[in-house]
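First the proteins, then the strands, lettered A, B, ... as listed; each starts at 1.
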There are 2 protein chains.
Amino acid sequence: MVTIKQIAAEVGISATTVSIVLGGKAEERKISAATQKKIFETANRLGYQPNIAARSLRAGFGADEIRVAMLWAEDFRASMMVRFWDGLRAELAQLDRKIRLVIYPYTNDHLDEVHALTSASDCHAAIICNASDADLEFLRRTQLAIPVVLYNRTCPGYCSVNVDDALMGALAARALSDQGCRRGVVLTGAPVFAGMEVRVQSFLLEGARHGLEARVAPYCDSSARGGYEGARALWSAESGEYPDALFCGSSLIAHGALRALRELGLPQLPRVVAIGNGAPELDELSVPSLSVVYLPMEEMARECLRLLMDWMSDRLSSPASRLLEARYIPRESCGPIADQEQKTIG
Amino acid sequence: MVTIKQIAAEVGISATTVSIVLGGKAEERKISAATQKKIFETANRLGYQPNIAARSLRAGFGADEIRVAMLWAEDFRASMMVRFWDGLRAELAQLDRKIRLVIYPYTNDHLDEVHALTSASDCHAAIICNASDADLEFLRRTQLAIPVVLYNRTCPGYCSVNVDDALMGALAARALSDQGCRRGVVLTGAPVFAGMEVRVQSFLLEGARHGLEARVAPYCDSSARGGYEGARALWSAESGEYPDALFCGSSLIAHGALRALRELGLPQLPRVVAIGNGAPELDELSVPSLSVVYLPMEEMARECLRLLMDWMSDRLSSPASRLLEARYIPRESCGPIADQEQKTIG
DNA sequence: TTGAAAGCGCTAACAG
DNA sequence: CTGTTAGCGCTTTCAA
């Protein structure tokens with residue numbers, strides 16, 4: 001990288017003068033127009049960019065802030081980023097410490113390439129979201145340079161905030177079976193981590209236990225369009241009796257599916273339950289409104305940050321994990337669970 | 001802020017040793033357990049946090065990256081942040097330079113408190129989104145320390161990327177009047193910048209010109225719920241003839257309104273057009289699917305970044321503005337515009 | 001009108 | 001086992 005020293009050498013002048021000119025203080029320091037011109041030209045020619053770290057160090061600014069990285073996989077879940085971000089922001093507002101939150105997009109299975117984790121010179125701490133199995137494997141065998149909390153994943157030696165994936169699947173099964181459903185379909189995207197499969201397996205198991213026979217449809221794209229096309233294909237292929245229950249891996253998939261089912265003009269719509277990972281607002285207003293097993297993402301984000309603060313300030317003697325509760329929220333697409341004591345299920 | 005020097009002084013030891021211990025190299029450097037203990041205790045007691053700027057400078061890491069701030073107002077538009085962020089990410093992938101994008105949330109009317117803009121020691125450049133009129137006034141009278149591009153705002157002396165607000169309103173009016181609508185309502189949130197009012201005024205004007213008499217409803221909350229409640233109130237209050245056209249200030253508002261209108265069981269649904277600032281995917285799949293005047297947010301984000309790069313590398317001799325095209329996208333909630341030459345409207 | 005020197009906080013090399 | 005020194009890139013005195 002080109003520095004003011006290099007520019008100075010190139011022009012045949014001192015670094016001080018270069019700093020003055022590039023810092024916009026040429027007039028008050030009465031630097032000659034000729035010198036200014038040469039400096040600007042050279043800076044542009046060499047593609048000079050100031051070193052931010054050097055400037056902040058010198059200015060002393062930002063020394064009091066704690067920089068926390070929010071690692072978010074840049075895939076179909078990008079649209080869900082805001083809920084998590086919102087949760088973190090809400091928690092920040094409560095905290096006394098000055099924290100700067102920085103989003104680090106990363107690619108699944110390439111967490112090992114994120115320099116901020118393996119060096120301590122980029123961030124003070126990090127929250128890792130959406131880790132894939134390969135990413136978890138990397139974490140397991142690596143000693144990171146900074147304290148970290150995992151969102152909805154577990155890994156030995158790490159703090160984490162989780163929901164009970166098995167319970168989520170079971171709740172969905174119970175909701176549908178309690179409404180009298182007997183033939184179910186699971187429509188979901190290709191699993192990117194073990195928990196997704198746990199949800200589905202648990203759904204199948206708990207369903208079977210309550211008279212709901214279900215099968216897993218071919219994986220669809222994890223989007224509204226994926227849900228639309230997936231549901232359309234499923235119901236079009238059906239020759240005999242239609243399924244009376246649909247369990248979707250995400251609310252986006254469910255919204256697409258609902259639209260498709262409606263278009264098909266079926267005599268009777270199946271009941272639908274989804275993992276509620278999207279904006280609740282949209283789930284409430286779809287036609288019909290969407291019943292979900294609600295993923296308390298904002299609350300989990302807040303908990304991640306709290307845990308991280310505790311972990312950083314040594315209030316925790318060893319890595320801790322916290323489990324947050326996933327609730328079933330009945331809406332029009334599927335009625336309530338008969339048994340009030342949801343937590344005993346599974 | 002507490003530094004390793006202070007810890008060293010407190011313990012009665014050199015800064016080097018403190019650095020070694022806190023850097024996790026105590027074993028290989030054979031620092032005595034007693035010293036380590038004292039250092040850790042003191043660091044915790046004083047609440048030591050390493051100075052990131054000093055570390056990066058020392059490590060030489062990050063010197064090659066350009067840090068760009070994305071300033072986004074933390075209000076109801078937070079949910080729209082992802083589209084913009086996605087657009088920027090797409091453009092980043094094309095660029096040769098190594099750029100680090102950092103989201104800086106700010107509060108409208110308080111842009112002047114964003115230190116990153118007035119000091120050059122935090123970021124190399126910034127993209128300012130959602131500026132309010134007060135924020136623009138601040139920009140007008142201030143000489144910022146870093147190059148900046150404005151998203152969907154204009155301000156003398158600044159680069160900006162815009163859409164034609166008047167055209168957007170006019171397109172909505174044309175779509176509705178071309179479908180034979182005669183009585184319209186505008187449902188929108190309280191305007192946070194002049195462009196929102198321009199859209200509405202232009203809608204009213206172009207409507208009147210084509211036989212569509214419209215009025216502006218009381219401002220609703222800028223959310224799906226706001227649209228739901230707003231539409232419900234409007235149609236419930238109606239005694240005589242119902243409006244046959246609805247123009248919504250955002251797609252979220254429209255989705256709420258659609259749901260409300262459907263619930264009311266009207267003999268005939270009004271035609272609906274919204275400013276398409278949400279995820280197109282959702283507009284396509286609502287019931288009915290939503291016709292919008294599409295705000296090309298991702299494309300605008302990319303253009304912001306391109307403009308910023310040009311501006312920074314001195315390829316522009318003076319601030320430039322670019323205008324992107326807003327298109328009407330007919331879906332089920334309102335048919336097409338008869339005149340193909342949309343751009344001549346207004 | 002310009003330059004020399006000091007120092008922001010940290011760590012690596014080297015010396016005891 | 002621990003300390004001294006130097007220097008990362010930059011800006012701000014202060015001196016010429």
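Rounding to the nearest 0.5 angstrom, the gap separating the CG atom in A:Asp112 from the CD atom in A:Glu137 is 11.0 Å. The line from CD1 of B:Ile99 to CZ of B:Arg89 is 14.0 Å long, rounded to the nearest 0.5 Å.
A heavy atom lying under 4.0 Å from DNA chain D marks the following residues of residues 26-41 of chain B, by number: B:Arg29, B:Lys30, B:Ile31, B:Ser32, B:Thr35. For the segment residues 2-14 of chain B, the set of residues with a heavy atom within less than 4.0 Å of an atom of DNA chain D comprises B:Ile13, B:Ser14, in numerical order.
For the pair A:Leu57 CG and C:dG9 P, the interatomic distance rounds to 7 Å; values are reported in whole Å. In this structure, the CG atom of B:Asn51 is 7 Å from the P atom of C:dG9, given to the nearest Å. As a whole-Å value, the separation of A:Lys25 NZ from D:dT13 P is 10 Å. Rounded to a whole Å, the CZ atom of A:Phe61 is 15 Å from the P atom of C:dG9. Across the protein-nucleic acid pair, B:Ile20 atom CD1 and D:dG3 atom P stand 9 Å apart, rounded to whole Å. Separating the CD1 atom of B:Ile52 from the C1' atom of C:dC8 is a distance of 15 Å, rounded to the nearest angstrom.
Between A:Glu299 and A:Arg306, at least one side-chain nitrogen of the basic residue sits less than 4.0 Å from a carboxylate oxygen of the acidic one, meeting the salt-bridge criterion. One finds a salt bridge joining A:Glu41 and A:Lys37 here, because a Lys/Arg side-chain nitrogen approaches an Asp/Glu carboxylate oxygen to under 4.0 Å.
With sequence neighbours excluded, no residue satisfies ring-ring contact (aromatic ring centres under 6.0 Å, His included) with A:Phe76.
Dashed line: the shortest gap from a side-chain N or O of A:Thr16 to OP1 or OP2 of C:dT2 is not under 4.0 Å. Considering only side-chain N and O atoms, A:Tyr48 lies nowhere under 4.0 angstrom from the phosphate OP1 or OP2 of D:dG9.
Across B:Ile103 and A:Trp85, no two heavy atoms sit closer than the pair CG2-CZ2, 3.7 Å.
Within a 6.0 Å radius of NZ in A:Lys98, other residues, nucleotides and ligands contribute more than 12 heavy atoms.
Side-chain contact between A:Pro156 and A:Arg140 is present, with at least one heavy-atom pair separated by less than 4.5 Å.
Relative orientation of the A:Trp72 and A:Phe84 rings is tilted, given thresholds of 30° and 60° on the angle between their planes.
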